[in-house]
Amino acid sequence: MAVYTDISEDDLRAFLTQYDVGELTSYKGIAEGVENSNFLLHTTREPLILTLYEKRVEKADLPFFLGLMQHLAAHGLSCPLPLPRSDGELLGELSGRPAAIITFLEGMWLRKPEARHCREVGRALATMHVAGEGFQLKRPNALSLEGWKGLWQKSAERADEVEPGLQEEITEELAFLEAHWPRDLPSGVIHADLFPDNVFFLGDDLSGLIDFYFACNDFYAYDVAICLNAWCFEKDGSYNLTKGMALLEGYREVRPLSKEEMDALAVLARGSALRFFLTRLYDWLTTPAGALVVKKDPLEYLKKLRFHRAIVSSVEYGLAPDIAS
Ligand SMILES: Nc1ncnc2c1ncn2[C@@H]1O[C@H](COP(=O)(O)OP(=O)(O)O)[C@@H](O)[C@H]1O
Ligand SMILES: N[C@@H](CCOP(=O)(O)O)C(=O)O
C-alpha cells in the first residue's frame, strides 16, 4: 500500500476550501501504487483523487506533469485532469507535501492482460506520443543512462546480497549500454511507466492512462520497449510473442515505427529492463521493514534483461519478418 503521508480530516477540509468540489463526504487511502500517497475522495459531487507527492517526485517537475495531463486530455487522450484551485494554481500543499487533486478515471487495471489488451495498449501509447507533440514544457529523462549510473552507485556494494555475481554483471551491462545506447531516434514526450497498473479498462475497452509522474522527453521507441517488458512477459519469465506482436501492431496502427527504431528495440529493451531493475533494487535494499508499500521484485527485471541480451533480430519481439531486421 502506498500511503506514506497521513492526512487529518481537518487539514483535508481546510485544503478543499481552495477548490470548487462540493462538500467532502468521505476519504480513504488507496492501497496501490509505489511512488506517491493517493486518496480517494467522495464529495457531494464527483469522486476525486488526491495525490501527495513523495520522495522521487521533484516539486520543480510538477508543472510538467500536471500541464502534460491537461495537454494530453485536450488532444484526445483519455487521462485524469488536474483541478485548478480558486486562485488558478494546480498545486497546493497538504501535510507538508506538494498536493494536487485530479479527476477520477473510471475503470480497473487488468491483473491478467491478454493479447487483445496489449494491442489496445500499443494504440494508446502511440496516441499519447502523437498527442504530446506540441507540449511546450520539456523534462529530460532523469532515469536514463546518467540516472542509472547514480542509482547503481548507491546499490552496487550490496547487490550480491540479492544474487551472487550481480555486481559484476550489472557493471558490465551499464558499460555495454553506454557504448550502444542510440543517439538519434524520433523523440518527444513519453509516459515512461506504462505498466498494467497504469492502464484502466472498462470490460475489454481501454478507458484511459494514469500516473504521468515519470513522463519525460525521450525516444518514443524506448517507451515501446518499456511496454514490451511490462506487458508481454508471463509470470514464468517467458516472452509472449503473440502479445508482443499485438502491442507492436497496435502501436504501428497509430504511429509508424521507422527501421532505425525497430533495429534499436533490443538495446532499448535492455536499458528499460535495467532501469526498472535498478529502481526496484534500490527500493529493495532501502525500504524500511514495515513500510506500507509492497516492494517489487528486482529479479523479475534481471530475467528480462538477460532475455533481451540474447535477441539477434527484432522479429523475436513480434515484428513481421518483412519489416524487421
Ligand atoms: N485518476 C485516477 N482515477 C482513478 N484511480 C486512480 C487515479 N489515480 C490514481 N488512482 C488509483 O491510485 C492507484 C495508485 O496511483 P498511481 O498514480 O499509480 O500511484 P503511484 O504514482 O504512487 O504509483 C492506482 O492504481 C489507482 O487505483
Ligand atoms: N512500475 C514500476 C514502479 C512504479 O510504480 P507505479 O505504481 O508508479 O506504476 C515498477 O514496476 O518497478
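One-based numbering, in listed order, for ligands and for the atoms of each.
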Is there any protein N/O under 3.5 Å from an N/O of ligand 1, and what does the full list of such pairs look like?
residue	atom	partner	partner atom	Å
ligand 1	1 (N)	Thr103	O	2.9
ligand 1	3 (N)	Leu105	N	2.7
ligand 1	15 (O)	Asn38	ND2	3.4
ligand 1	18 (O)	Asn198	OD1	3.2
ligand 1	18 (O)	Asp211	OD2	2.9
ligand 1	19 (O)	Asn38	ND2	3.1
ligand 1	21 (O)	Asn36	ND2	3.4
ligand 1	21 (O)	Asp211	OD1	3.2
ligand 1	21 (O)	Asp211	OD2	3.3
ligand 1	22 (O)	Val34	N	3.3
ligand 1	22 (O)	Glu35	N	2.9
ligand 1	22 (O)	Asn36	N	2.7
ligand 1	22 (O)	Asn36	O	3.4
ligand 1	23 (O)	Val34	N	3.2
ligand 1	23 (O)	Asp211	OD2	3.3
ligand 1	25 (O)	Glu32	OE1	3.3
ligand 1	27 (O)	Glu32	OE1	3.2

- Check: Asp193 N/O within less than 3.5 Å of ligand 2 N/O: yes

- Query: Hey, does Asp197 come in under 3.5 Å of ligand 2, counting only N/O atoms on both sides?
  - Reply: yes

- Message: Closer than 4.0 angstrom, basic N to acidic O: yes or no for Arg97 and Glu93?
- Response: no

- Query: Going by an N to O cut-off under 4.0 Å, is there a salt bridge joining Glu260 and Arg183?
  - Reply: no

- Note on the structure: One should read off an interatomic distance between Met128 CE and Ile190 CD1, to the nearest 0.5 angstrom, of 7.5 Å

- Query: Among Asn198, Val199, Asp197, whose side chain to side chain contact (heavy atoms under 4.5 Å, CB included) with Trp109 holds?
  - Reply: Asp197

- Item | Identity and separation of the nearest protein heavy atom to atom 3 (C) of ligand 2 | Lys296 NZ, 4.1 Å

- Task: Return the residue, atom name and 0.1 Å-rounded distance of the protein heavy atom closest to atom 8 (O) of ligand 2.
- Result: Asp211 OD2, 2.7 Å

- Message: Under a 3.5 Å threshold, yes or no: a donor from one side chain and an acceptor from the other, between Thr51 and Asn36?
- Response: no

- Message: Can you confirm if the NZ or CZ of Arg123 lies within 45° of the ring axis of Tyr251 and under 6.0 Å from the centre of its six-membered ring?
- Response: no

- Message: His71 and ring pair (Phe, Tyr, Trp, His ring centres under 6.0 Å): which single residue from Phe135, Phe65, Phe212 fits?
- Response: Phe135

- Item | Test ring pair (Phe, Tyr, Trp, His ring centres under 6.0 Å) applied to Phe233 and Tyr239, Tyr301, Phe195, the passing residue | Tyr239

- One finds that the ligand 2 atoms under 4.0 Å from a non-hydrogen atom of Asn198 are 9 (O)

- Query: Counting from 1, what ligand 2 atoms have a heavy atom of Phe276 closer than 4.0 Å?
  - Reply: 2 (C), 10 (C), 12 (O)

- Query: Can you check whether Thr5's main-chain N or O pairs, donor with acceptor, with Ser37's side chain at less than 3.5 Å?
  - Reply: yes

- Task: For ligand 2, indicate whether the residue Arg280 contacts it via side chain, backbone, both or neither (heavy-atom separation under 4.0 Å).
- Result: side chain

